[in-house]
Amino acid sequence: MTAPTVTERGRLTVLRATWLFDGTGSALIPDPLVVIDGGTIVAVGSGMAAPQGAEVIDLGGAALLPGLVDTHVHLAFDASVDPVGALAGRSDDEALEAMIMAGQAALRGGVTTVRDLGDRDYLSLGLRGRPGLPTIVAAGPPVTTPGGHCHYLGGVAEPNEAGVRASVREHVERGVDVIKIMASGGNLTPGTHQHLPQFEPEVLRAAVDEAHRHGLQVTAHAHAVGAIADAVAAGADGLEHVSFWTEDSVDAPAELIQLIADRRTVVGATLGMMPVPGRLPPPEIRARMPLLMANLRRLYEAGAPMVAGTDAGIAPVKPHDVLRRAPDAMREIGIGQAEALRIITSVAAGVIGLGHRKGRIAPGFDADILAVDGDPIADPEALHRIRAVWARGTAVPDAGRSSTT
Ligand SMILES: [Zn+2]
């Protein structure tokens with residue numbers, strides 16, 4: 001390849017390391033060199049010389065990976081024991097301040113792109129493109145029923161076809177990137193039921209239709225078996241959680257698993273938990289965990305497209321930098337480490353509509369890069385030894401400082 005020369009736009013930055021995972025491969029590339037011009041990667045090579053005049057940053061012993069992409073976060077939730085109460089106590093300005101801190105925590109943990117699947121009153125939209133934060137894909141407040149799951153975030157629609165169409169249109173007018181709809185109840189909202197659908201099937205279908213008419217994808221929060229089935233039938237592009245929750249257990253019908261795979265509905269698996277002393281998921285989740293994991297394995301083996309959305313922000317074990325813990329959980333459902341790394345980089349970027357500029361270390365892609373100590377395929381723990389992070393070409397201050405210590 002031809003080495004690029006210094007342009008008039010400014011000095012090139014060159015990263016050197018021992019290995020590189022490019023976001024799509026199954027093996028590491030040795031002795032890599034990545035050339036960055038401003039916010040963009042302009043060249044990637046192995047064993048090549050740095051262009052003259054470039055600033056060279058040598059990361060011996062490190063592996064370079066694409067910045068991680070979390071497909072399901074809540075910047076407005078602060079990962080405290082009561083994120084809903086904490087948010088309720090904040091003015092919009094205070095909430096924005098907390099959301100900025102959440103974004104900064106994500107960046108320090110190598111998460112350079114997030115899809116926010118539920119803010120309050122569209123607050124996350126104003127943070128898009130802001131320097132010092134991850135790239136944000138924003139849903140605004142989730143579309144829900146009166147009193148339904150996360151109704152306090154401001155996305156309540158009348159639970160009929162005209163009502164959800166009007167709500168989707170409001171989201172479009174506000175400029176969201178994706179529609180999130182609460183197809184079932186959820187754990188964070190007392191009075192709702194995870195095992196029950198929130199909308200009639202034809203209402204869900206109208207919401208999806210309206211979003212698609214405006215060129216937006218829809219992902220449906222769906223725990224209840226009926227809600228999962230309805231969301232798939234409605235043509236939702238993605239499902240979040242997909243726990244097949246019943247009143248007292250979990251029940252995933254084989255034909256529904258096959259249908260999700262056949263329809264290529266993206267499964268947003270809620271994976272990744274930070275070990276925090278004394279903090280565990282709620283007992284009703286812990287009791288179902290073995291079955292939840294077994295069903296995710298069945299979905300994966302059936303060929304359903306799968307990404308890891310952490311639900312960052314909803315609990316102390318879900319801080320905003322938790323995504324690097326997801327491969328540990330993915331291994332439990334039979335996903336190898338290289339595939340897990342692809343899932344949290346290039347696959348996730350594709351699912352959220354940014355496959356053309358995120359999730360890969362390749363010329364023309366954004367210079368979102370994570371440097372870790374060691375080989376992250378042979379030694380998964382390397383992912384937790386962060387040396388440096390760049391977001392759109394800018395080094396992240398205090399990279400690797402955990403949000404939970
Ligand atoms: Zn969520």
Side-chain angles (χ1 to χ4, degrees), residues 7-15 23 34-42 54-55 57 59 64-71 73-79 90 92-117 119-120 122-140 174-178 312-313 319-324 345 348-349 352-371 386-403:
T7 69
E8 285 171 9
R9 276 173 289 172
R11 205 169 166 206
L12 297 174
T13 302
V14 167
L15 308 182
V34 178
V35 185
I36 299 169
D37 186 355
T40 309
I41 297 165
V42 292
E55 180 199 3
I57 299 170
L59 294 146
L64 305 177
L65 301 92
L68 310 182
V69 180
D70 196 333
T71 60
V73 310
H74 300 279
L75 292 172
F77 290 148
D78 63 3
R90 290 186 176 120
D92 281 0
D93 281 347
E94 288 164 343
L96 278 168
E97 197 64 35
M99 292 168 80
I100 288 168
M101 286 172 62
Q104 290 167 341
L107 273 190
R108 287 196 299 272
V111 182
T112 52
T113 302
V114 298
R115 183 170 67 171
D116 189 304
L117 288 185
D119 66 7
R120 185 178 78 196
Y122 301 94
L123 287 175
S124 62
L125 276 65
L127 296 176
R128 291 178 299 192
R130 195 175 167 128
L133 293 181
T135 298
I136 297 168
V137 171
R174 296 296 291 259
V176 302
D177 303 304
V178 59
H320 286 92
D321 59 347
V322 70
L323 181 59
R324 67 182 184 276
T345 57
I352 66 170
L354 293 178
H356 56 297
R357 65 183 182 96
K358 299 290 185 188
R360 289 177 60 191
I361 298 181
F365 278 66
D366 287 357
D368 294 344
I369 294 171
L370 165 62
I386 295 173
R387 288 265 293 266
V389 179
W390 287 266
R392 286 157 286 161
T394 301
V396 171
D398 297 322
R401 199 183 84 207
S402 169
S403 62

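- Under the side chain to side chain donor-acceptor pair (under 3.5 Å) criterion, Asp70 pairs with Thr310, not counting sequence neighbours.
- At least one side-chain heavy atom of Pro134 sits under 4.5 Å from a side-chain heavy atom of Leu107.
- For Arg174, there are no side chain to side chain donor-acceptor pair (under 3.5 Å) partners, not counting sequence neighbours.
- Contacts of Asp366 classified as salt bridge (Lys or Arg N to Asp or Glu O under 4.0 Å), with partners at least two apart in sequence or in another chain: Arg357, Lys358.
- Listed by chain and residue number, Leu117, Val178, Lys180 satisfy the side chain to side chain contact (heavy atoms under 4.5 Å, CB included) test with Ala139 (two or more places apart in sequence, or in another chain).
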Worked check of salt bridge (charged side-chain N to carboxylate O under 4.0 Å, His left out) between Arg11 and Asp37: CA-CA 7 Å; Arg11 205 169 166 206; Asp37 186 355; over 6 Å; no
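- In this structure, the side chains of Arg108 and Asp321 stay at 4.5 Å or more apart for every pair of heavy atoms.
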Working for side chain to side chain contact (heavy atoms under 4.5 Å, CB included), residues Ile41 and Arg360: CA-CA 10 Å; Ile41 297 165; Arg360 289 177 60 191; over 6 Å; no
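- With sequence neighbours excluded, the residues forming a side chain to side chain donor-acceptor pair (under 3.5 Å) with Arg120 are Asp92, listed by chain and number.
- Side chains of Thr112 and Leu370 form no contact here, defined as non-hydrogen atoms less than 4.5 Å apart.
- A heavy-atom distance below 4.5 Å is not found between the side chains of Val34 and Val14.
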For residues 93-101, please give each side-chain donor-acceptor pair under 3.5 Å, one per line with the distance, not counting sequence neighbours.
unit_1 : atom_1 : unit_2 : atom_2 : d
Glu94  : OE1    : Ser91  : N      : 2.9
Glu94  : OE1    : Ser91  : OG     : 3.4

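- Nearest heavy-atom pair across His320 and His74 is NE2-O, 2.9 Å.
- At least one side-chain heavy atom of Leu75 sits under 4.5 Å from a side-chain heavy atom of Ile136.
- Taking each heavy atom of Ala371 and Trp390 in turn, the nearest pair found is CB-CZ3, 4.3 Å.
- Residues Ile361 and Leu65 come closest through the heavy atom pair CD1-C, 3.4 Å.
- By the ring pair (Phe, Tyr, Trp, His ring centres under 6.0 Å) test, Phe365 pairs with no residue at all, sequence neighbours left out.
- For residues 127-136, the salt bridge (charged side-chain N to carboxylate O under 4.0 Å, His left out) pairs, not counting sequence neighbours, are Arg128-Asp177.
- Here the side chain of Asp398 pairs no donor or acceptor atom with the backbone of Arg401 at under 3.5 angstrom.
- Here the CG-OG1 distance, from Leu323 to Thr113, works out to 10.5 Å after rounding to the nearest 0.5 Å.
- Between Asp368 and Val69, the closest side-chain pair of non-hydrogen atoms is not below 4.5 Å.
- The shortest side-chain heavy-atom distance between Asp119 and Leu125 falls under the 4.5 Å cut-off.
- Applying the side chain to side chain contact (heavy atoms under 4.5 Å, CB included) rule to Thr13 yields the partners Leu15, Ile36, Glu55, Ile57; only residues at least two apart in sequence or on another chain are considered.
- For Arg387, the salt bridge (Lys or Arg N to Asp or Glu O under 4.0 Å) test picks out Asp373, with sequence neighbours left out.
- Taking every heavy atom of both residues into account, Ala79 and Pro319 meet most closely at CB-CA, 3.9 Å.
- Between atom CZ of residue Arg115 and atom OG of residue Ser124 there is a gap of 12.5 Å, rounded to the nearest 0.5 Å.
- For Thr345, the side chain to side chain contact (heavy atoms under 4.5 Å, CB included) test picks out Phe21, Pro66, Leu68, with sequence neighbours left out.
- Annotation: salt bridge (Lys or Arg N to Asp or Glu O under 4.0 Å) contacts of Asp116 (sequence neighbours excluded): none.
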